[in-house]
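None of the values given here were measured: they were computed from a predicted structure. Hydrogens, waters and symmetry mates are skipped; everything else that's a heavy atom, side chains included, is used. We count residues from 1, following the sequence as given.
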Amino acid sequence: MTRKKLASVLLGAAATAALLLSPATAASAQAATGTASARAGIERDSVSCSKPKGKWANYSWGEGNTTATIYFNNHCSHKVSVKITFVRKGSVGDKAAKYRCMTVNANTKGKKKFYAAAYKPYSVTRVARCS
């Protein structure tokens, strides 16, 4: 075999090996990503809509070092106001709770960032309106 043909055979073998190894690598990377999101502690809560029946306004959140981002997806045909309960990190109980109110428009989704260094989101409760 000439050097040129030998080089192309070797490159072909290397490409084949890379293709065979890449799904395993991708699967392990995906598993690591899934584990990381499970460790991040994404939590979810929902409130039911007045109209239409059977629809929900969904909320999820994850906490950072100094902020907490609340993601929302309102499937209701009206505005929804919720009270978000934040609890002090490392404790449980009403004495260590702060409350924030958030109103989202009908049929919208998005996110809102709250600065709460020593607190983490705990629950979402529907209220008549934010004052």
Would you check if [X] and [Y] make a side-chain contact, meaning some heavy-atom pair closer than 4.5 Å?
X	Y	value
Ser77	Pro52	yes
Thr103	Arg129	no
Arg100	Pro121	no
Val124	Trp61	yes
Tyr59	Ile84	no
Val127	Tyr99	no

Drop me the distance from [X]'s [atom1] to [Y]'s [atom2], to the nearest 0.5 angstrom.
X	Y	atom1	atom2	result
Cys76	Lys51	SG	NZ	11.5 Å
Trp56	Asp45	CH2	CG	9.5 Å
Ser123	Lys83	OG	NZ	8.0 Å
Ser46	Asn74	OG	CG	11.0 Å

Check [X] against [Y] and note the closest heavy-atom contact, atom names and distance.
X	Y	value
Asn107	His75	OD1-O, 3.6 Å
Ser50	His78	N-NE2, 3.1 Å
Lys113	Thr69	CE-OG1, 4.0 Å

Checklist entry - Short question: side chain of Arg126, backbone of Val80 - any donor-acceptor pair under 3.5 Å? => result no

Item to check | For Phe72, all residues meeting ring-ring contact (aromatic ring centres under 6.0 Å, His included), sequence neighbours excluded | outcome: none

Next on the checklist: Count I, L, V, M, F, W, Y as connected when their side-chain heavy atoms are under 4.5 Å apart, and connections chain through other members. Are Met102 and Phe86 then in the same cluster?
Outcome noted: yes

Item to check | Cluster check Ile70, Val87: I/L/V/M/F/W/Y, side chain < 4.5 angstrom | outcome: no

Checklist entry - Honestly, is Lys112 close enough over Phe114, meaning NZ or CZ under 6.0 Å from the six-membered ring centre and within 45° of the axis? => result yes

